[in-house]
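The structure under discussion appears below in the form of structure tokens.
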Protein chains: 2
Amino acid sequence: MLTAERHDYILNKLRETGIVRLQELVNELNCSESTIRRDLTYLETKGLLKRIHGGAKRLYTVEEELTIKQKSVKNVHEKQLIGKLAASLVTDQDVIFIDAGTTTLEMIQYLPMKKDITVVTNGIHQATLLTDLGIRTYLVGGRLKNTTKAIIGASAIAQIRSYQFNKCFLGINGIDTEFGFTTPDPEEAAVKHAALRQSAHPFFLADYSKFEKVNFAKVCDLDDATIITAGINEKNRSRYQKFTTVLEAKE
Amino acid sequence: MLTAERHDYILNKLRETGIVRLQELVNELNCSESTIRRDLTYLETKGLLKRIHGGAKRLYTVEEELTIKQKSVKNVHEKQLIGKLAASLVTDQDVIFIDAGTTTLEMIQYLPMKKDITVVTNGIHQATLLTDLGIRTYLVGGRLKNTTKAIIGASAIAQIRSYQFNKCFLGINGIDTEFGFTTPDPEEAAVKHAALRQSAHPFFLADYSKFEKVNFAKVCDLDDATIITAGINEKNRSRYQKFTTVLEAKE
DNA sequence: GTGAAAGCGGTTAATTTCAATCAAAAACAT
DNA sequence: ATGTTTTTGATTGAAATTAACCGCTTTCAC
């Protein structure tokens, strides 16, 4: 039994049942407790499951319980640096897409210097803030997702397809050399993908915690977009620069 | 039975029934009283439920947030009465449109009793509140108007035209026997008109201060929709009842 | 009121699960 | 074949989880 085989087995079982017991896995996979423990620990560092006493569970439910406000507390400083750098890339006359999410929210406050821009967004909070700042704002229509306050669904994607953007700024949950850019919700991934395809210059905004993580739904490959980050360690910087452009925001 | 499994079970049951009894859980989960007690205590510290004598209940953070938002609004009491009456007109399986504006906002808090409804809205605040209450919500896309946080424009109208509503609930600024329903912004009037045309039963929500007023842009004639109001005086009631149905909300 | 029943929090001891360590086994490169 | 790295399985004491028990408070019927 190969390591990767066990990992697949565990993830598949998790996807079906939502929860797995360590002892069950020991029986079903015919290996020792230690091995399963190691597997679970590894898969947790990759962000693919959540370990619990006696086994592991899918983190989709956990993801839901975190509200936007709780999330926005994390890595605020890095996100502000990223936001500042991202906003500096926007020039006059630009038509840009800004994704829902906490990281992209940070860039909006730095936008007003750019007098004449048009912004399309699928985030409620983004839209509110943008109009408050007097920026010409279009909100994409469609179904509203409760947890992230993002507009998703076929209608949203159809609308995005009818626009052309100079740049788009997307949030992302996981960045991995093998699996590319990933996010937990397939519908959100589809929206991001649509925006990306309509953009001349697509950017992903991601603080250091997003690297070496994999989520359920893939948006695109690493070389399809530029990464804007901050607080990244030396190892990850050199590793990911081989695959795509990595812009690092500093003080 | 793993800890996390029990927690999920408890929270799900709570979400459905609103209240759980400790002894019920002991039977259903096959574990001791102490264990359930510990679970409930833990979940309470996490802010996921409220312990009560004999079990636990769901907590409504949403209602508390409501009271904060309501402060800067005029004629709150009348608007609440109107909102309650309007919500009572919504039945299971309905697909309804709710307009942007403060009056329509009041009706949303009374909606959750209606289990299975779908709501389309052009108001940012409406959309946020609706999803918080767990109602299936679609936001119309288009340009976002700064002052009222309403979505307007050709794209919004085109989207509304692609839906069919059982009912629509619209706010309005002026009601007059001669000029009908009017509002200051022609673009908002156009959105209201579009929603009205797609609805089997259109309603206008208006407190007493809106009668005998005329604004710039006309939405439709008096007999095109039903009026839901409160605090109206005797003279206006008899006058407007000649033209259309007037529902009056009382204590 | 009064007593019985139900519910409460805290303590305890037994059991299960955990992380860390180490040595054997397997895979790999030279 | 030899040495090196990776993977695995067994063992350990520590930590977490559990059911059962205790004395106390609340609730309810009479």
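Just so it is clear: chains get the letters A, B, ... in the order the sequence lines come, proteins before strands, and each one is counted from 1.
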- prompt: So, is A:R37 near the phosphate of C:dA20, with a side-chain N or O under 4.0 Å from OP1 or OP2?
  reply: no
- request: With heavy atoms under 4.0 Å as the rule, sort A:I52 into base, sugar-phosphate or nothing.
  value: sugar-phosphate
query: Heavy-atom distance under 4.5 Å between the side chains of B:I117 and B:I135, does that happen here?
result: yes
Salt bridge present between B:E5 and A:R21 (N-O < 4.0 angstrom): yes
message: Between the side chains of A:K145 and A:E187, is the shortest nitrogen-to-carboxylate-oxygen separation below 4.0 Å, so that they form an ion pair?
response: no
- prompt: When you check every protein heavy atom under 4.0 Å of nucleotides 21-27 of chain C, what one-letter string (B, S, -) results, 5' to 3'?
  reply: -------
- request: For the pair A:K149 and B:D132, find out whether any cationic side-chain nitrogen is under 4.0 Å from an anionic carboxylate oxygen.
  value: yes
- request: Could you tell me whether B:T3 contacts a base, only the sugar-phosphate backbone, or nothing, with contacts defined as non-hydrogen atoms closer than 4.0 Å?
  value: sugar-phosphate
message: Does either side chain, that of A:Q80 or that of A:Y110, offer a donor lying less than 3.5 Å from an acceptor on the other one?
response: no
task: Compare all side-chain heavy atoms of B:D207 with those of B:I82 and state whether any distance is below 4.5 angstrom.
output: yes
message: Tell me whether the side-chain N/O atoms of B:R51 come closer than 4.0 Å to OP1 or OP2 in C:dG7.
response: no
message: Without decimals, in angstroms, what is the distance between B:L2 CG and D:dT17 C1'?
response: 11 Å
task: May I ask you to decide whether A:E24 forms a salt bridge with A:K13, counting only side-chain N to carboxylate O separations under 4.0 Å?
output: yes
message: At a heavy-atom distance below 4.0 Å, what parts of residues 18-33 of chain A sit against DNA chain D?
response: A:C31, A:S32
Single hit among B:F165, B:F169, B:Y138 for ring pair (Phe, Tyr, Trp, His ring centres under 6.0 Å) with B:F97: B:F165
- request: Figure out the CG/C1' separation between A:D39 and C:dC18, and round it to whole Å.
  value: 16 Å
message: Under 4.0 Å, counting only non-hydrogen atoms across every strand here, what does A:L40 touch: a base, just sugar-phosphate, or nothing?
response: nothing
